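Lettering follows sequence order; numbering is per chain, from 1. All figures in this text were calculated on a predicted structure; none of them were measured in a lab.
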Amino acid sequence: MIKNPIDAAVRRRFTAPLLEWYHSLGRDLPWRRTDDPYCIWLSEIMLQQTQVVTALPYYHRFLETFPTIKALASADLEAVLKLWQGLGYYARARHLHRAAQILVSQFSAKMPESFESVIALPGIGRSTAGAILTIAHGKCHPILDGNVRRVLCRFFAIERDPREKSVDAWLWHCSEMLMPKHNASHYLQAIMDLGATVCVPKQPSCTRCPVEKSCAARKKGLETLLPIRAPSKKVPHYDYFAGVLCVDNAVLIRRRPLKGLLAGLWEFPGERVAENSKQGSIVLAYERFFREHLGLDTCECKPYMTIQHVFTHFKMTLHVFLHHSKKRVEAVFPFDWVERETLSERPFSSAHQKIVLQLTQKQNQGELF
DNA sequence: CAGTCGTGGAC
DNA sequence: TGTCCAAGACT
């Protein structure tokens, strides 16, 4: 990847107008009103692949419950996951929790100031480490998130796929060279603000952009075509079933393994329906599942609700059955019986949370289920 | 190193 | 409605 060098002239055309724009039009965000590295770290983790408006309420709730690194480190993972419920990418919560424990045991419960120590923490990669070091500790380390990548690809009219290794390396170099030594923290937040509010993926507001006159993509009329995006892949669709097994006022739930999809969250027992199974065999699969896993040979079950859900890499139709039984089968880990009133204390995935909500609402309306 | 990992906003 | 994709990291 060969490009013109980033020299002082380019820095003047880019960095200075950007900083000026940020000081008058930058966003007022809660993690910009603190110098607590823990809060800044938390915001960076929550904002990975997540929009500001989505993360905001989670950020406030999280800090109310875990105001310090020590408080987070001594919490149960399940309590952390409960606060993360609905935010997605739950490995972030798991890594955050583990990193807090590492900080308490090895770093006096403080975020270290060396890049090597920070990036070694779970859940912190090159970009997040750069952001924490620069914003929380006043250092000067580049980042290359979606915003910076898009802004740079447009400003320099990079007409190649930024996922190519050589292009990615050049963008990192470029991001580093553009950083001002003295105002690095404001600069980072400025370029992210620009990407999030002006230089947006579709229909960028170039007339509001402080560097419009120097933007190569704008000059070439390529601003909506860059950066080059990967062709979208078709995501497969799978059928799942889940059973709300009820005895009196209790229901049976199961905790997911601590690795993989929705790790550590609770759900109503069930599994994916085999790929080649026919229509109508879902009930048969459901009966077989409860017979084999829980020894239930009778089945007083009926369809309860159907939930459509989209994950990153597949779509799911979740067929939910309501299932009454006289006696509680023994619940061995990872299974557990819980009263309906206490269901909402457990962290569920969004799809299964819809079931929890339905059960809770029915109860509040005085109906059985 | 390409696949995995969630969810919701915006259009 | 479908489509893109958001302050990426981990394997």
Side-chain angles (χ1 to χ4, degrees), chain A residues 26-27 29-32 40-59 81 84-96 98-99 118-136 141-151 161-165 168 172 175 185 187-197 199-205 224 227-237 256-265 267 307-316 347-354:
Chain A
R27 291 177 291 181
L29 300 170
W31 42 88
R32 291 177 178 170
I40 293 164
W41 169 35
L42 176 66
S43 75
E44 290 300 328
I45 301 300
M46 283 192 167
L47 289 166
Q48 288 170 358
Q49 303 297 104
T50 305
Q51 297 185 349
V52 165
V53 287
T54 304
L56 268 174
Y58 286 88
Y59 174 82
L81 286 173
W84 213 270
Q85 174 181 304
L87 196 54
Y89 286 135
Y90 298 94
R92 295 183 294 175
R94 215 166 54 246
H95 292 148
L96 188 73
R98 187 148 55 89
V118 172
I119 201 173
L121 293 168
I124 299 182
R126 189 173 173 186
S127 262
T128 301
I132 292 172
L133 268 290
T134 303
I135 298 170
H141 293 270
I143 66 171
L144 188 61
D145 65 350
N147 288 318
V148 176
R149 187 176 295 108
R150 185 171 54 256
V151 169
D161 190 334
R163 285 167 295 276
E164 284 180 42
K165 219 166 85 176
D168 179 77
W172 271 107
S175 175
S185 172
Y187 167 79
L188 275 197
Q189 300 176 72
I191 193 169
M192 288 192 284
D193 262 20
L194 189 74
T197 65
C199 196
V200 292
K202 298 168 184 175
Q203 303 220 274
S205 313
T224 60
I228 307 275
R229 10 188 182 278
S232 59
K233 296 175 193 168
K234 282 219 293 198
V235 299
H237 176 279
R256 295 180 62 88
L258 284 172
K259 292 199 169 204
L261 185 69
L262 306 170
L265 301 189
E267 64 184 7
I307 295 165
Q308 303 293 337
H309 196 75
V310 180
F311 294 97
T312 306
H313 51 296
F314 70 94
K315 300 178 183 177
M316 171 178 78
F348 283 85
S349 70
S350 283
H352 285 252
Q353 178 62 25
K354 290 178 184 171

Where the side chain of [X] is concerned, which of [options] is the nearest nucleotide?
X         : options                : answer
Thr312(A) : dC5(B), dC5(C), dA7(C) : dC5(B)
Arg150(A) : dT7(B), dC4(C), dA7(C) : dA7(C)
Arg92(A)  : dG9(B), dT4(B), dG6(B) : dG6(B)
Gln51(A)  : dG8(C), dG6(B), dA6(C) : dA6(C)
Phe311(A) : dT7(B), dA7(C), dG8(C) : dT7(B)

**Message:** Let me spell it out: for each of Lys233(A) and Val310(A), pick the nucleotide of DNA chain B with the closest heavy atom. Which residue's pick is nearer the 5' end?
**Reply:**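 With Lys233(A) and Val310(A) compared, the 5'-side residue is Lys233(A).
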
**Message:** Heavy-atom nearest nucleotide on DNA chain B for Gln203(A) versus Ser349(A): which residue maps closer to 5'?
**Reply:**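 The residue mapped nearer the 5' terminus is Ser349(A).
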
**Prompt:** Taking side chain as C-beta onward, heavy atoms only, is Trp172(A) less than 4.5 Å from Arg126(A)?
**Reply:**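 In short, these two side chains touch, coming nearer than 4.5 Å.
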
Answer yes or no: does a side-chain N or O of [X] lie under 4.0 Å from OP1 or OP2 of [N]?
X         : N       : answer
Ser350(A) : dT7(B)  : yes
His309(A) : dT7(B)  : yes
Thr50(A)  : dT7(B)  : no
Thr54(A)  : dT7(B)  : no
Gln49(A)  : dG8(C)  : yes
Arg163(A) : dA2(B)  : no
Tyr89(A)  : dC10(C) : no
Lys259(A) : dC5(B)  : no
Arg126(A) : dG8(C)  : no

Roughly how far apart, to the nearest Å, are [N] and [M] at atom [atom1]?
N      : M      : atom1 : value
dG9(B) : dC5(B) : P     : 23 Å
dA9(C) : dG8(B) : P     : 23 Å
dA7(C) : dT4(B) : P     : 24 Å

**Request:** Please name the pair of heavy atoms, one in Trp84(A) and one in Ile45(A), separated by the smallest distance, quoted to 0.1 Å.
**Result:**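 Closest pair (atom of Trp84(A), atom of Ile45(A), distance): CH2-CG2, 3.9 Å.
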
**Prompt:** What are the two closest non-hydrogen atoms of Val148(A) and Asp145(A), and how far apart are they?
**Reply:**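 Answer, listing the atom of Val148(A) first, then Asp145(A): N-OD1, 2.8 Å.
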
**Request:** Please report, rounded to the nearest Å, how far the C1' atom of dT7(B) is from the CE atom of Met46(A).
**Result:**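 Atom-to-atom, Met46(A) to dT7(B), this comes out as 14 Å.
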
**Item:** Euclidean distance, atom CG of residue Asp145(A) to atom C1' of dA6(C) [Å, nearest integer]
**Value:**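 Roughly 10 Å, once rounded to whole Å.
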
**Request:** Please tell me which of Ile124(A) and Lys202(A) maps to the more 5' nucleotide of DNA chain C, matching each residue to the nucleotide holding its nearest heavy atom.
**Result:**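 Between the two, 5'-proximity favours Lys202(A).
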
**Request:** Assign Trp31(A) to base, sugar-phosphate, or nothing according to its heavy-atom contacts below 4.0 angstrom with the strands shown.
**Result:**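 Trp31(A): base contact, heavy atoms under 4.0 Å.
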
**Message:** By the 4.0 Å heavy-atom rule, please label Glu44(A) as base, sugar-phosphate, or nothing.
**Reply:**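 Contact class for Glu44(A): base.
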
**Residues Asp193(A), Arg32(A): salt bridge by 4.0 Å N-O rule** =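 Arg32(A) and Asp193(A): salt-bridged.
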
**Interatomic spacing from CZ in Arg150(A) to CD1 in Ile191(A) - rounded to 0.5 Å** =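 CD1 of Ile191(A) is found 10.5 Å from CZ of Arg150(A).
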
**Message:** With no hydrogens and no angle check, just 3.5 Å: does a side-chain donor-acceptor pair link Ser175(A) and Arg149(A)?
**Reply:**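 Per modelled atom types, Ser175(A) and Arg149(A) side chains form no pair under 3.5 Å.
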
